[in-house]
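Below: one structure, written as structure tokens.
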Amino acid sequence: MDIAITLATPEQRRQKPGDESSLGFGKFFSDHMFLMRYREGTGWHDARIVPYRPLSLDPAAMVLHYGQEIFEGLKGYRGAGGTVCLFRPEKNFERMNLSARRLCMPQIPVKEALAAVTALLRVDRGWIPGSRGTSLYIRPTMIATEPGLGVRPSAEYLFFIITGPVGSYYARGLEPVRILVEETYVRAAKGGLGEAKAGANYAASLLAAKNAKESGYDQVLWLSADGREEVEEVGTMNIFFVIGDGIVTPPLSGSILPGVTRDSVLTITRDWGMNVSERRIGMQELRRAAADGALREVFGTGTAAVISPVGALRYRGDELVVNGGAPGDVSRKLFAEISGIQYGEIFDRYGWVHRVE
Ligand SMILES: *Cc1c(COP(=O)(O)O)cnc(C)c1O
């Protein structure tokens with residue numbers, strides 16, 4: 001794949017954030033972006049890196065009307081000695097192809113997607129923050145660009161990658177969140193878009209998250225559409241429970257996003273010799289486990305936070321307090337292990353780290 005590169009002029013360069021301790025998430029964007037177009041019959045073409053700027057779209061572009069959009073989220077970490085590390089990036093692009101298939105969008109060869117990210121990171125290397133916990137967030141996205149209001153898959157697409165520096169998720173160590181168990185709305189139903197990383201899933205989730213915030217909770221626990229009993233995900237993360245001496249996460253049954261962090265947690269905890277199961281788990285079992293003291297930890301997993309401990313779960317009239325509202329040992333150990341591998345500080349025995357030279 002040939003990538004044409006047009007560098008930003010000094011006037012096109014973007015204001016760099018001064019202070020790495022107040023980066024936040026998704027507020028700053030780097031100088032350049034990667035673009036590539038697709039047309040049925042021609043395939044992918046016109047791969048280029050250009051200065052970051054607004055896109056120009058026909059107002060009838062199909063993405064604007066029927067939501068044919070998918071995305072990915074991964075991070076570039078500045079490791080020891082200034083090396084730039086990506087964490088399992090091929091998993092993100094394999095998943096993007098699964099999402100693409102579900103939304104009738106074209107496949108992108110994983111090698112080409114990796115070449116695009118690598119080229120972009122080389123150009124915007126100076127945007128990767130250096131302090132521990134910070135990183136360069138990478139957002140590959142695909143949208144349907146063909147103009148037309150007939151409902152069918154678009155014949156034209158744009159694939160783009162934007163990046164931007166993001167802050168440490170935890171300024172003061174792992175901070176447990178308070179979660180409201182959602183019984184009215186669902187994120188996804190089996191057979192729907194739940195296992196695809198599509199913007200549409202996020203649109204479906206906003207109202208419940210807004211209501212939870214208004215009631216004093218950080219996020220919601222999503223239950224299955226059929227029966228509102230089985231646990232599926234927490235906010236925009238996969239969920240794990242430490243019950244007795246076992247660790248449990250719901251199986252990938254169609255409505256759950258197959259997280260890269262989820263897969264990494266399963267691999268590591270199995271390696272640690274823990275009793276790990278991917279099985280259905282319902283609110284009745286959770287309530288019982290909380291009552292008899294067997295429920296030791298609950299945590300979410302995702303690229304943004306890595307591990308996000310849950311301190312309390314509100315279910316109907318009850319508040320289930322987990323580990324006294326403090327992060328547990330398994331959460332802490334997993335956070336240290338995975339972020340240590342991501343920053344190149346812990347030996348990468350799984351070959352997960354991809355260095356950008
Ligand atoms: C992206 C995402 C996750 C986490 O996936 P990672 O690959 O671990 O970042 C979990 N749930 C949902 C709904 C997501 O969109």
Side-chain angles (χ1 to χ4, degrees), residues 3 8 14 16-17 23-38 44 47-55 57 61 63-64 67-78 84-100 103 105-106 108 110 112-129 134-145 157-169 193 196-203 205-206 235-237 257-261 301-306 342 354 356:
I3 304 174
R14 303 173 64 80
K16 269 200 187 150
L23 285 171
F25 179 80
K27 296 193 296 184
F28 299 99
F29 299 98
S30 317
D31 284 336
H32 298 88
M33 60 183 178
F34 174 88
L35 302 172
M36 180 161 74
R37 295 194 299 155
Y38 179 92
W44 289 108
R48 59 205 197 278
I49 288 172
V50 296
Y52 185 100
R53 60 169 174 250
L55 300 172
L57 282 182
V63 62
L64 301 175
Q68 217 188 348
E69 186 263 8
I70 55 174
F71 65 95
E72 272 302 326
L74 66 162
K75 285 174 168 180
Y77 307 87
R78 196 174 288 285
V84 177
C85 303
L86 294 169
F87 184 70
R88 311 186 74 186
E90 68 289 345
K91 295 291 266 187
N92 291 93
F93 291 112
E94 286 163 10
R95 182 171 70 193
M96 190 163 204
N97 281 336
L98 293 177
S99 303
L103 277 89
M105 299 170 87
I108 301 179
V110 171
E112 293 198 3
L114 284 175
V117 170
T118 306
L120 186 59
L121 287 196
R122 285 197 190 112
V123 171
D124 278 336
R125 184 181 280 269
W127 280 85
I128 310 175
T134 65
S135 57
L136 189 77
Y137 187 74
I138 303 166
R139 171 54 61 88
T141 310
M142 196 195 299
I143 57 173
T145 51
Y157 296 89
L158 178 71
F159 172 65
F160 61 88
I161 308 175
I162 53 176
T163 74
V166 298
S168 174
Y169 204 85
L193 294 182
K197 210 166 175 76
N201 288 323
Y202 282 67
S205 77
L206 295 175
T236 59
M237 290 184 281
L257 199 284
V260 178
T261 320
T301 66
T303 296
V306 185
Q342 288 169 335
H354 177 105
V356 178

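Both backbone and side-chain heavy atoms feed into the values below; hydrogens, waters and symmetry mates do not. Residues take their numbers from the sequence shown, with the count starting at 1.
- For the atom pair OG1 of T141 and CZ of F159, the computed distance is 7.5 Å after rounding to the nearest 0.5 Å.
- N97 contributes no side-chain N or O that, together with a main-chain N or O of V110, makes up a donor-acceptor pair within less than 3.5 Å.
- Atom CZ of F93 is separated from atom CD of E72 by 7.0 Å, given to the nearest 0.5 angstrom.
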Residues Y202, K197; criterion side chain to side chain contact (heavy atoms under 4.5 Å, CB included); working and verdict
CA-CA 9 Å; Y202 282 67; K197 210 166 175 76; 3.8 Å; yes
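- Contact of the M237 side chain with the T301 side chain is not registered, since no non-hydrogen atoms from C-beta on lie closer than 4.5 Å.
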Verdict with reasoning, L86 to N92, per side chain to side chain contact (heavy atoms under 4.5 Å, CB included)
CA-CA 11 Å; L86 294 169; N92 291 93; over 6 Å; no
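- Of the possible donor and acceptor atoms, none in the side chain of R78 sits under 3.5 Å from a partner among the backbone N and O of T134.
- With rounding to the nearest 0.5 Å, the separation of CZ in R95 from CG in L257 is 5.0 Å.
- Contact detail for M142 and M96: the closest heavy-atom pair is N-CE, 3.8 Å.
- Between P106 and I108 there is no side-chain heavy-atom pair separated by less than 4.5 Å.
- Taking the six-membered ring where the residue is Trp, F29 and Y52 present parallel rings, their angle staying beneath 30° rather than reaching 60°.
- In this structure, the separation between CG on L35 and CD1 on I162 is 10.5 Å, given to the nearest 0.5 Å.
- With contacts defined as side-chain heavy-atom distances shorter than 4.5 Å, the pair I138/L120 does not qualify.
- Taking both residues in full, the closest heavy atoms of T303 and G73 are given as OG1-O, 3.7 Å, listed atom of the first, atom of the second, then distance.
- When all heavy atoms are compared, the tightest approach of V166 to P129 is O-CG, 4.3 Å.
- Between the CZ atom in R48 and the CZ atom in R37 there is a gap of 6.0 Å [rounded to 0.5 Å].
- Using a 4.5 Å cut-off on side-chain heavy atoms (C-beta onward), F87 and T261 make no contact.
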For side chain to side chain contact (heavy atoms under 4.5 Å, CB included), just list the numbers for W127 and T163, CA-CA rounded to whole Å, side-chain angles, deciding distance to a tenth of an Å, and then say yes or no.
CA-CA 9 Å; W127 280 85; T163 74; 5.5 Å; no
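- The heavy-atom pair separating P165 from L136 by the smallest distance is N-CD1, 3.6 Å.
- Taken to the nearest 0.5 Å, the CD1 atom of I161 stands 11.5 Å off from the CG atom of D124.
- Centroid-to-centroid, the aromatic rings of Y137 and F25 come within less than 6.0 Å.
- Nearest heavy-atom pair across K75 and A304 is NZ-O, 3.0 Å.
- Side-chain contact between T118 and P89: absent, with no pair of heavy atoms (C-beta onward) separated by less than 4.5 Å.
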Output, in order, the C-alpha distance, side-chain angles, deciding distance and verdict of side chain to side chain contact (heavy atoms under 4.5 Å, CB included) for M33 and R53.
CA-CA 8 Å; M33 60 183 178; R53 60 169 174 250; 3.9 Å; yes
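- Nearest heavy atom pair, residue Q68 against residue V63, reads O-CG2, 3.7 Å.
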